[in-house]
Amino acid sequence: MRCGNCGNELRGEARFCSVCGAAVAPAQPPYSAPQQPPAATFGDAPRPQLSGVGQPPKKSGCGKALLVLFIIGLLVAVAVAVGGYFVYRFAEDKLKSSEAYTVAVDALKADPEVSERMGAIKETGFPLGSFEENADGTGSAVFRVSVTGERAGGNYDVTMARRDRRWQLKSGKVTLTGGGEIVVAPNGGAADDPTGEAEDPDAPAVGEVDEQGVVYAGALDAKATSKPEPPYPPL
């Protein structure tokens, strides 16, 4: 290092020149260019992921619970449907095997007009209506049955009464699907006597007086001036 005034060689720590006494400027560090920040690179160094971005969605526990409840409900519905079917079949078999149903169907099949217009009866349906059977041997029944014959089908409306523990058909009518009706002859009655209360041929003559002084008047049902229908429940 030299003095800038006289050119004398100076020591590094000298502040003044020993020859001319001029002040010596402090030595400056060598110039270095400012460093640039490192360039960003892609794909080499891993980067921290932002929260919620690029992460797989978490499965909700509510969806699983709803799926389980749906499966349970489906199994319960299937069980109820199967149970209802077997209950229906049991009730149908029991009603079809009852005496009232058998008597009504036998009268339907034995009626000559039914055989002529409907053909042989192939199938009868489930009876819908009311059925009452008392312990003293009485009872009543009003029901409707769908019937299918070889040539036609329809609905069979039946009114029955139980006396002395035996069922009897009081009235029966078939309403055909294509239109028209057939009156079914009751038990023991003729086709032109739908009441089933024809006079007994062995009965005394009308007006005859018996030993007790009772005058026989014959079957009074045919002489009735009015026949009000009882309040049957709806089918």
Side-chain angles (χ1 to χ4, degrees), residues 84-134 136-203 205-206 217-235:
Y85 171 77
F86 283 106
V87 170
Y88 171 82
R89 291 301 302 271
F90 174 78
E92 182 181 21
D93 293 341
K94 185 175 181 180
L95 287 175
K96 284 188 174 183
S97 62
S98 64
E99 182 184 358
Y101 188 92
T102 304
V103 170
V105 173
D106 289 345
L108 175 71
K109 293 180 178 180
D111 190 270
E113 186 177 359
V114 172
S115 300
E116 179 181 355
R117 299 177 62 180
M118 300 183 65
I121 301 300
K122 300 188 300 182
E123 183 180 359
T124 57
F126 187 87
L128 299 176
S130 63
F131 181 88
E132 181 181 7
E133 189 172 284
N134 303 319
D136 58 355
T138 62
S140 62
V142 178
F143 55 87
R144 168 176 287 187
V145 178
S146 62
V147 294
T148 303
E150 292 180 345
R151 292 191 292 270
N155 293 321
Y156 181 29
D157 295 305
V158 177
T159 301
M160 305 192 68
R162 185 171 183 256
R163 297 176 181 174
D164 299 329
R165 305 185 183 278
R166 295 185 61 184
W167 284 98
Q168 295 181 351
L169 179 66
K170 300 298 295 181
S171 65
K173 181 180 67 174
V174 178
T175 303
L176 299 176
T177 304
E181 296 180 350
I182 302 174
V183 177
V184 179
N187 301 75
D192 56 352
D193 181 29
T195 61
E197 297 182 359
E199 295 187 10
D200 187 358
D202 297 331
V206 177
L220 299 180
D221 186 75
K223 302 179 179 64
T225 58
S226 64
K227 298 180 182 180
E229 291 290 335
Y232 293 119
L235 290 175

What's the separation between atom CG in L176 and atom CG in N155, rounded to the nearest 0.5 Å? 9.5 Å

Shortest non-hydrogen contact between A104 and Y156, atoms and distance: O-OH, 3.1 Å

Would you give the length of the straight line joining atom OG of S130 to atom OH of Y232, rounded to the nearest 0.5 angstrom? 9.0 Å

Please name all residues satisfying salt bridge (charged side-chain N to carboxylate O under 4.0 Å, His left out) with R166, sequence neighbours left out, ordered by chain then number. none

Which residue pairs pass the salt bridge (Lys or Arg N to Asp or Glu O under 4.0 Å) test when at least one of the two sits in residues 141-161, sequence neighbours left out? R144-D157

Would you say the side-chain atoms of T159 pair up with the backbone N or O of K170, donor to acceptor, closer than 3.5 Å? no

Quick check against the 3.5 Å criterion: does D111 have a side-chain atom that pairs as donor or acceptor with the backbone of A185? yes

Results of salt bridge (charged side-chain N to carboxylate O under 4.0 Å, His left out) for K109 - residues two or more places apart only: none

Is the shortest heavy-atom distance from the side chain of V158 to the side chain of V145 under 4.5 Å? no

Among E132, E99, E133, whose salt bridge (Lys or Arg N to Asp or Glu O under 4.0 Å) with R162 holds? E133

Separation of R163 CZ from D136 CG (nearest 0.5 Å): 12.5 Å

Restricting to non-hydrogen atoms, name the atom on L169 and the atom on V103 that form the minimum distance, rounded to 0.1 Å. N-CG1, 4.4 Å

Are the side chains of M160 and F143 in touch, meaning some heavy atoms are under 4.5 Å apart? yes

Minimal heavy-atom distance between G139 and W167, with the atoms involved, is C-CH2, 3.9 Å

Do you know which two heavy atoms are closest between M118 and I182, and how far apart they sit? CG-CD1, 4.1 Å

Distance-only donor-acceptor check, side chains T124 and Y101, under 3.5 Å: yes

Give a yes or no on whether D164 atom CG has more than 12 heavy-atom contacts from other residues, nucleotides or ligands under 6.0 Å away. no

